[in-house]
Participant: 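Sharing a structure here in structure tokens format.
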Amino acid sequence: MPLFGTDGVRGLANGTLTADLALSLAQATAVVLGQGRSAEARRAAGRRAKAVIARDPRISGDFLGAAVSAGLAASGVDVYDAGVIPTPALAFLVNDFDADFGIMISASHNPAPDNGIKIFARGGVKLPDVVEQRIESYMNEPKLLPTGGDVGRISRFADAEDRYVLHLLSTLPARLDGLHVVIDCANGAASGASPALFANAGAKVTVIGADPDGMNINDGVGSTHLEPLAEAVVALGADIGIAHDGDADRCLAIDADGNHIDGDHIMAILANALHERGLLEKDTHVATVMSNLGLTIAMQQRGIRVLQTAVGDRYVLEEMSRSGYSFGGEQSGHVIMNEHSTTGDGLLTGLQLAAEMARTGKTIAELASIMTALPQIMINVPGVDRERVGDAGVQAAVREAEAELGDTGRVLLRPSGTEPLVRVMVEAATQEIADRIAGRLAEVVRERISL
């Protein structure tokens, strides 16, 4: 199996993701990303390549961070350790600090025993597949082994969080005075930055899930467990709830009545806000194939085109960068605003969402009513050959379903990237229709391509 998945390298800390692996990965990254023109210019001026590293508060981040720092410094790279900060903060700092690359140690929304390594290239952007493959191949090649004064230094990046928060505050279209915001930090990397950000923006802030102990990240809180946030918003009579995941690159929301506001609704609100202000480049919103058809319908009604990519925020970003679009994201809450960020940023998203409430004087429920989600069902079909999803019988069944749905729904068959499993997703005008068609398709998949 390839080392890199859809979002970096991830696995059980000290299981598949060991200190040896982190060290080797850092050394290979130094070869591939620490030898570019900017690094050459530094060396010509008597300076070394530089990298920013950060982590979320998992206890395994300590030893993995030490291994990454050691691998980089041993390769002649100066390391600036930003400590525990959100992933989008690391991406911002790589660009703002003019670093050659950055490494984030986090497993995002995964439970505490897992961890991961995400690598950002110069400018704070995620790596394309071809660069990840180069890094993986260099793990088996000779390392950079400078000696004497050419080895790297490891320094504390003392003002990392402050620089990031000040940057986000500079993006505000309207202050949040008078808004009561409840923030769930998932006991993760946003526990310091997000409450400070919203308080400085003028909001009354109540915080839950902001007591990380190294093992409670994402444990019953955060964007994957919205119930505690919903209860808190209703009990306190707050205006909005903002939920982050462990590394704070995503944001979901709760309205005053405790209802969930998913990533599609958030994107609809923000894309429309940008469009109204003349800031939505080419009147286009980039989403993935997993976004609800209701999003496309709502945007079309307002003169906004929705362009879909493969699943993964980096594919959204690649399309945005390639074609000059300014806004995109995923149903999961990864939202990318190119004017202000190089990656999905949960703090920026939550801030802009609350600012739109302040700017318009509307509740989050009123703003979210811009979009009506079509009923949807997802059926996982295990024990099948995911490589054969193009089977003639399967595709004939898909075409039959699409003909039955017409313009009132859609079908998506998505093979798992890691398991012998195919996901059957159907959207339709009613839940009964969606359930019936999805069940029929799942049975065809099971019969035609079982292992």
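Note that the structure is a prediction, hence the values are computed from the model and not measured. Just so you know, residue 1 is the first one in the sequence shown, and it goes up from there.
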Participant: Minimum heavy-atom separation for Ala22 and Ile117, please, with both atom names.
Facilitator: CB-CD1, 3.9 Å

Participant: So does Asp345 pair up with Arg250, basic N to acidic O under 4.0 Å?
Facilitator: no

Participant: Hey, is the main chain of Gly71 close enough, under 3.5 Å, to the side chain of Ser75 for a donor-acceptor pair?
Facilitator: yes

Participant: Are side-chain heavy atoms of Thr206 and Ile183 found at a separation under 4.5 Å?
Facilitator: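 They are not in side-chain contact.
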
Participant: Between Asp213 (side chain) and Asn216 (backbone), is there a donor-acceptor pair under 3.5 Å?
Facilitator: yes

Participant: Distance check, rounded to the nearest 0.5 Å: Lys282 atom NZ versus Met320 atom CE?
Facilitator: 11.5 Å

Participant: I'd like to know if the side chain of Ser326 reaches the main chain of Leu280, judged simply by a donor and an acceptor atom lying under 3.5 Å from each other, with no hydrogens or angles considered.
Facilitator: no

Participant: Could you tell me whether the side chain of Asp184 reaches within less than 4.5 Å of the side chain of His244, counting heavy atoms only?
Facilitator: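 Contact flag for His244/Asp184 side chains = no.
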
Participant: When you look at CZ of Phe63, are more than 12 heavy atoms from neighbouring residues, nucleotides or ligands closer to it than 6.0 Å?
Facilitator: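 For Phe63, atom CZ is crowded (more than 12 foreign heavy atoms under 6.0 Å).
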
Participant: So, are Lys118 and Asp7 salt-bridged, with charged N and O less than 4.0 Å apart?
Facilitator: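 Looking at Lys118 and Asp7, the cut-off is met.
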
Participant: Can you find a side-chain donor-acceptor pair between Gln352 and Thr171 that sits under 3.5 Å?
Facilitator: yes

Participant: Taking the six-membered ring for Trp, are Phe157 and Phe97 closer than 6.0 Å centroid to centroid?
Facilitator: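 Centroid distance Phe157-Phe97: below 6.0 Å, so yes.
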
Participant: Which atom pair, heavy atoms only, marks the closest approach of Met371 to Ala268?
Facilitator: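 The answer is CB-CB, 4.2 Å.
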
Participant: Show your reasoning for whether side-chain contact (heavy atoms from CB on, under 4.5 Å) applies to Asp255 and Ile240.
Facilitator: CA-CA 5 Å; Asp255 71 16; Ile240 184 174; over 6 Å; no

Participant: Quick one: does Leu3's side chain get under 4.5 Å of Met139's, heavy atoms only?
Facilitator: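 Yes. Closest side-chain heavy atoms under 4.5 Å.
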
Participant: At what distance, to the nearest 0.5 angstrom, does CG of Leu412 lie from OG of Ser291?
Facilitator: 11.0 Å

Participant: Between Arg10 and Asn110, do the side chains contain a donor N or O and an acceptor N or O under 3.5 Å apart?
Facilitator: yes

Participant: With a 3.5 Å distance limit and no angle check, can you tell me whether Thr29 reaches the backbone of Leu25 through a side-chain donor-acceptor pair?
Facilitator: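 Side chain of Thr29 to backbone of Leu25, a donor-acceptor pair under 3.5 Å: yes, one is there.
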
Participant: Taking atom NE2 of His167 and atom OG of Ser341, what is their separation to the nearest 0.5 Å?
Facilitator: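 Those atoms lie 6.5 Å apart.
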
Participant: Looking at every non-hydrogen atom in both residues, tell me the closest pair between Ala30 and Val77 and how far apart they are.
Facilitator: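 Minimum heavy-atom contact is CB-CG2, 3.9 Å.
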
Participant: Could you measure the distance from the NE2 atom of His265 to the CG atom of Leu353? Nearest 0.5 Å is fine.
Facilitator: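 Spacing of NE2 (His265) from CG (Leu353) equals 12.0 Å.
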
Participant: To check you understand the geometry: which heavy-atom pair defines the closest contact between Ala256 and Val233, and what is its length?
Facilitator: CA-CG1, 4.0 Å

Participant: State which residue, out of Leu33, Asn95, Thr87, fulfils the side chain to side chain contact (heavy atoms under 4.5 Å, CB included) condition with Phe120.
Facilitator: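 When Leu33, Asn95, Thr87 are each tested with Phe120, the side chain to side chain contact (heavy atoms under 4.5 Å, CB included) holds only for Thr87.
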
Participant: Go through the steps for Leu307 and Arg305 under the test side-chain contact (heavy atoms from CB on, under 4.5 Å), then give the verdict.
Facilitator: CA-CA 6 Å; Leu307 182 66; Arg305 180 173 70 122; 4.1 Å; yes

Participant: Do Tyr80 and Ile53 pass the side-chain contact (heavy atoms from CB on, under 4.5 Å) test, and can you show the C-alpha distance, the side-chain angles, and the key distance before you say yes or no?
Facilitator: CA-CA 6 Å; Tyr80 294 82; Ile53 74 163; over 6 Å; no

Participant: Indicate whether the side chain of His109 and that of Ser223 have a donor and an acceptor atom separated by less than 3.5 Å.
Facilitator: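 The answer is no; no qualifying pair exists.
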
Participant: Check the pair Lys204 / Asp239 against salt bridge (charged side-chain N to carboxylate O under 4.0 Å, His left out), numbers first and verdict last.
Facilitator: CA-CA 10 Å; Lys204 175 184 176 181; Asp239 298 297; over 6 Å; no

Participant: Verify salt bridge (charged side-chain N to carboxylate O under 4.0 Å, His left out) between Arg314 and Glu132, making sure each step is shown before the conclusion.
Facilitator: CA-CA 13 Å; Arg314 66 173 174 162; Glu132 289 182 341; 3.2 Å; yes

Participant: Does Asp162 reach the main-chain N or O of Asp159 with its side chain, forming a donor-acceptor pair under 3.5 Å?
Facilitator: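 Pair absent, no side-chain N/O of Asp162 close to backbone of Asp159.
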
Participant: Under the criterion side-chain contact (heavy atoms from CB on, under 4.5 Å), I'd like the reasoning laid out for Thr224 against Asp245: C-alpha separation, chi angles, the key distance, then a yes or no.
Facilitator: CA-CA 7 Å; Thr224 53; Asp245 60 337; 5.8 Å; no

Participant: Below 4.0 angstrom, N of the basic side chain to O of the carboxylate: do Asp247 and Arg55 qualify?
Facilitator: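 Salt bridge flag = no for Arg55 with Asp247.
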
Participant: For residues 331-338, please give each side-chain donor-acceptor pair under 3.5 Å, one per line with the distance, not counting sequence neighbours.
Facilitator:
residue	atom	partner	partner atom	Å
Gln331	NE2	Asp264	OD2	2.9
Ser332	OG	His334	ND1	3.2
His334	ND1	Glu330	OE1	3.0
His334	NE2	Asp249	OD1	3.3
His334	NE2	Asp249	OD2	3.2
Asn338	ND2	Tyr325	O	3.1

Participant: If only atom types and distance count, is the side chain of Glu427 paired as donor or acceptor with the main-chain N or O of Leu293 below 3.5 Å?
Facilitator: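 Indeed, once roles are kept as given, a pair shorter than 3.5 Å links the two residues.
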
Participant: Would you say Ser369's side chain and Glu366's backbone share a donor-acceptor pair under 3.5 angstrom?
Facilitator: yes

Participant: Do Ser137 side-chain atoms and Arg134 backbone N/O form a donor-acceptor pair below 3.5 Å?
Facilitator: yes

Participant: Ion pair present between Arg359 and Glu276, side-chain N to carboxylate O less than 4.0 angstrom?
Facilitator: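 A salt bridge is present here (some side-chain N lies under 4.0 Å from a carboxylate O).
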
Participant: So Val306 and Met267, do their side chains get closer than 4.5 Å, heavy atoms only?
Facilitator: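 Of all side-chain heavy-atom pairs linking Val306 with Met267, none is under 4.5 Å.
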
Participant: Go through the side-chain N and O atoms of His275 and Asp283 and say whether any donor and acceptor fall under 3.5 Å apart.
Facilitator: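 Side chains of His275 and Asp283: pair found under 3.5 Å.
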
Participant: Under a 4.0 Å threshold between the charged nitrogen and the carboxylate oxygen, would Lys50 count as salt-bridged to Asp100?
Facilitator: no

Participant: Is it true that a side-chain atom of Asn187 and a backbone atom of Asp211 form a donor plus acceptor pair closer than 3.5 Å?
Facilitator: yes

Participant: Mind checking whether Pro212 and Ile217 have side chains closer than 4.5 Å, heavy atoms only?
Facilitator: no

Participant: Side chains of Ile379 and Met425: closer than 4.5 Å at any heavy-atom pair?
Facilitator: no

Participant: If I take atom CG from residue Leu176 and atom CG from residue Leu351, how far apart are they, to the nearest 0.5 angstrom?
Facilitator: 6.0 Å

Participant: Could you tell me the separation between the OG atom of Ser60 and the CZ atom of Arg58, rounded to the nearest 0.5 Å?
Facilitator: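 One gets 7.0 Å once the value is rounded to the nearest 0.5 Å.
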
Participant: Taking Asn115 for its side chain and Ala13 for its backbone only, find out whether a donor-acceptor pair lies under 3.5 Å.
Facilitator: no

Participant: Locate the shortest heavy-atom distance separating Ile261 from Ala368; write the atom from each residue and the value.
Facilitator: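 Ile261 and Ala368 have their closest heavy atoms at CD1-CB, 3.9 Å.
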
Participant: Any side-chain heavy-atom pair from Asn259 and Ile254 closer than 4.5 angstrom?
Facilitator: no

Participant: Can you name the nearest heavy-atom pair linking Gly312 to Thr288, along with the distance?
Facilitator: N-CG2, 4.1 Å

Participant: Report yes if some heavy atom in the side chain of Gln376 is under 4.5 Å from a heavy atom in the side chain of Asn292; otherwise report no.
Facilitator: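 With C-beta onward as the side chain, the pair touches.
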
